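Take a look at the structure set out below.
A note on names: the letters A, B, ... follow the listed sequences, proteins ahead of strands, and every chain is numbered from 1. Quick caveat: nothing in here was measured; it's all calculated off a predicted structure.
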Amino acid sequence: MQIKRGLSALMLLFLGWPAGAQEQPESRFRFGGFGTLGLAWNSTDQAAFIRDVSQPRGATRTPDGRVDSRLGLQGDAQLTGTLQATLQVVSKYRYDATYTPDITWAFLGWSPQPEYRFRFGRLGVESFMNSDSRDVGYTYLLVRPPMEVFGVVPVTRLDGLDGTGTFAAGADSTLRFKAFFGQASEKMPLAAAGTATVLDLAGDRVQGLIAELQTGSWRARLGYAGLQIRTGFPAAVTNLQNGLETFARLSGNPQLVQTADALDFTGGTLGSYTAGLAWDDNPVQGQAMLACFRSDRDMLPRGWAGYVSAGYRLGKVVPYGLWSRVASESRPGLYLQGLPPAVAAQIRTLVDTFASSQSTAAAGFRWDFLAQADCKVQVERVQGSLPTRLWAQPQPGWDGRATVVSAVLDFVF
Amino acid sequence: MAWNPSRTFPSLLLAAWAPFLAAESRLVIIANPDTSLTQLTQDEARNVFLGRQKRLPSGLPAQPVEQGAPTEVRERFYRLLAHKDLAEINAYWARLYFTGQAHPPRQERDAEEVIRTVAANKGAIGLVEWDKADRRVKVVLVLDVQ
């Protein structure tokens, strides 16, 4: 990646930096950017293919550029020998169906010793292996991070702090430890109780721990990430809950009161325990990851997710394969007797939506046609359970199967 | 490049050895002569140049320096050291850079600039072709041809 020295020189001139700055050991400012231009086509019109649960609409039989296209810009400033600041802004198709740019990273980094680094501000969440670089298509082999693992949790950044320690462990190994803590700030679209609404995660607490070992061509990683829900559901859902509660009290049925309580997820905790393994030594590269989701509310996901991917480099082209799956635990039967059928159906759908299962088998290739740009083509076969929150606008009667063809152009500068 | 008297003498000496050198010059890692660092292993050099190890065995914070041109030198270096193409190296650094973790090694225009930087910074280690290294720096690793 070439950092724009010309641009930073221009910036220095603009800021009227002293002439001596040219004698600085290294430029104080760096600018970079990344982007993806993508098109995705889906074999069915009965559900729209999305990349993660933050996208309100997706690809159908009309080729769609919204799913994968994005543009990011980053600027860094070395403030002192140990202090450094970073700002990154990304424009992509988001929860409100706009491309409004979001601040994805904005932090002050402090490195008192080369081995230790602390960052304060807005930070990407490394809940899974490489999940903090999910927007930078150029950095990974596949067209996009597997939906079944990376797409199911809508938290990708936090406002808080993290600390990293990197240590040599023997001749060829390094160990990295990281802890992070902060508040979520994201929103996700939610089709609930018959209306399209937005779930706001602002204020939810995010925390996690990671240990990673790099040895030779291997990289092994263990991680925990937790989300504590502070906020409530949007009005459409709380109205449903309140209606149910009133109905339960009037009917004097304690089982219905239990059902109403089960719909609430405020105060609940969702935890993911992950293990990842990556191998990279030309010409073979492979990755495998397993995540176990635990929660203390019926409305929060439980189950496991994982993926396996492998590629084989043939010069500038790397053909690859991927298999990924999320399997949610089935929910205990909710007591819905005596309710008006329409209300019972809404509740059933709401609960089942949060227990989506799905698997994807994909094949494709990455072609590094330029030093800082690649082109990828991927075909995937998806098979999922219904109702689902992993697709947008799934129609009744859809069998949960689709074939998706994607082509992307990734670049960094 | 401007004529540089400090380079002429060693270059003349090295010219005598030219027939014994392989068609492409061997790559070496150079360090500041005023430090205790005398030797680096290939593993250590790889970890430092990939940003995984932040200190040199001498204890100083590591400042790896690459030679930008000709590209062929970097290309050969990463193929030897990490079995990676430049595209993979670019992708690797893009991941670390855009996640605010680390910056890629400083890149100098040519071998002369690498030597100057290494001669001026105690923690710096640089990549140059063997016949470019001179008395201002010391060689701490000669990379295997294959």
Side-chain angles (χ1 to χ4, degrees), chain A residues 1-3 5 25-27 30 32-34 72 74 76 78 84 86 88 105 107 109 111 113-117 119 123-124 126 130 132-133 135-136 138-141 164 166-168 171-174 176 214 216-217 280-283 285 313 315-316 366 368-374 410 412, chain B residues 40-48 50-57 59-66 68-69 71 74-75 78-109 116-118 120-124:
Chain A
M1 175 190 26
Q2 200 62 49
I3 306 303
R5 284 178 187 229
E26 208 169 353
S27 173
R30 284 169 190 251
F34 57 86
Q74 181 171 319
D76 299 77
Q78 190 71 44
Q84 171 255 328
T86 294
Q88 188 188 95
W105 298 80
F107 67 85
S111 202
Q113 295 286 324
E115 293 87 353
Y116 299 99
R117 185 126 186 275
R119 307 188 293 185
L123 302 159
E126 209 186 323
N130 301 347
D132 52 351
S133 55
D135 286 327
V136 195
Y138 183 76
T139 64
Y140 40 81
L141 179 61
T164 308
T166 311
F167 310 97
D172 188 26
S173 307
T174 50
R176 184 173 75 103
Q214 173 90 50
S217 308
D280 188 357
D281 195 2
N282 253 331
Q285 52 184 300
R313 181 170 286 272
K316 295 198 176 298
R366 172 183 168 131
D368 288 297
F369 70 102
L370 286 176
Q372 288 164 230
D374 72 67
D410 300 307
V412 290
Chain B
L40 266 187
T41 67
Q42 213 145 308
D43 288 339
E44 285 164 345
R46 174 175 58 221
N47 285 339
V48 168
L50 293 180
R52 290 173 189 159
Q53 209 163 297
K54 315 280 184 188
R55 277 185 202 274
L56 297 175
L60 286 169
Q63 292 172 259
V65 185
E66 280 180 356
T71 320
R74 279 184 77 221
E75 204 166 341
Y78 283 108
R79 195 159 291 149
L80 285 175
L81 205 63
H83 307 144
K84 283 182 195 300
D85 286 356
L86 281 189
E88 290 174 279
I89 290 294
N90 287 344
Y92 174 85
W93 280 111
R95 177 168 67 80
L96 296 184
Y97 176 69
F98 291 119
T99 56
Q101 292 183 61
H103 291 303
R106 175 171 174 171
Q107 225 178 76
E108 297 296 357
R109 200 176 53 234
R116 274 195 208 176
T117 303
V118 171
N121 293 283
K122 289 204 167 168

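Of all non-hydrogen atoms in B/Ala91 and A/Arg366, the two that sit nearest each other are CB-NH2, 4.2 Å. Across all non-hydrogen atoms, the minimal contact from B/Arg55 to A/Pro114 is NH2-CD, 3.3 Å. In terms of heavy atoms, A/Gly216 sits closest to B/Arg52 at O-NH1, 4.4 Å. The nearest pair of heavy atoms linking A/Trp105 to B/Phe98 is NE1-O, 3.6 Å. Here the closest heavy-atom approach between residue A/Tyr138 and residue B/Ala87 is recorded as OH-O, 3.4 Å.
With a threshold of 4.5 angstrom between heavy atoms, A/Gln88 approaches chain B through side-chain atoms but not through N, CA, C or O. Heavy atoms of A/Phe107 lying under 4.5 Å from chain B belong exclusively to its side chain. Looking at A/Asn130, only its side chain comes within 4.5 Å of chain B, counting heavy atoms on both sides.
Between B/Gln101 and A/Arg117, the side chains place no donor N or O within less than 3.5 Å of an acceptor N or O (distance only, hydrogens not considered).
Chain B forms more heavy-atom pairs under 4.5 Å with one residue of A/Thr164, A/Asp135, A/Asp280, A/Leu370 than with any other, namely A/Asp280. Chain B forms the most heavy-atom pairs under 4.5 Å with one residue out of A/Ser217, A/Ala371, A/Ala373, A/Pro283, and that residue is A/Ala371. Ranked by heavy-atom pairs under 4.5 Å with chain B, the list A/Asp374, A/Thr174, A/Asp410 is led by A/Thr174.
Between B/Glu88 and A/Asp368 the shortest side-chain heavy-atom distance does not fall below 4.5 Å. At a threshold of 4.5 Å between non-hydrogen side-chain atoms, the residues B/Asn47 and A/Gln214 do not count as touching. By the 4.5 Å heavy-atom criterion applied to side chains, A/Asp76 and B/Tyr97 are counted as neighbours.
With hydrogens and angles ignored, the 3.5 Å screen pairs no side-chain donor or acceptor of A/Asp172 with any backbone N or O of B/Asp43.
Heavy atoms of other residues, nucleotides or ligands lying less than 6.0 angstrom from OH of A/Tyr116 number 12 at most.
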A/Asp132 vs B/Arg95, test: salt bridge (Lys or Arg N to Asp or Glu O under 4.0 Å). Steps then yes/no. CA-CA 9 Å; A/Asp132 52 351; B/Arg95 177 168 67 80; 6.0 Å; no
Would you check, one step at a time, whether the test side-chain contact (heavy atoms from CB on, under 4.5 Å) holds for B/Tyr92 with A/Thr139? CA-CA 6 Å; B/Tyr92 174 85; A/Thr139 64; over 6 Å; no
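Looking at B/Lys84 and A/Asp281, no side-chain N of the basic residue comes within less than 4.0 Å of a carboxylate O on the acidic one, giving no salt bridge. A salt bridge does not link B/Asp85 with A/Lys316: every distance from a Lys NZ or Arg NE/NH1/NH2 to an Asp or Glu carboxylate oxygen is 4.0 Å or more.
Between B/Thr99 atom OG1 and A/Leu123 atom CG the span is 10.5 Å, to the nearest 0.5 Å.
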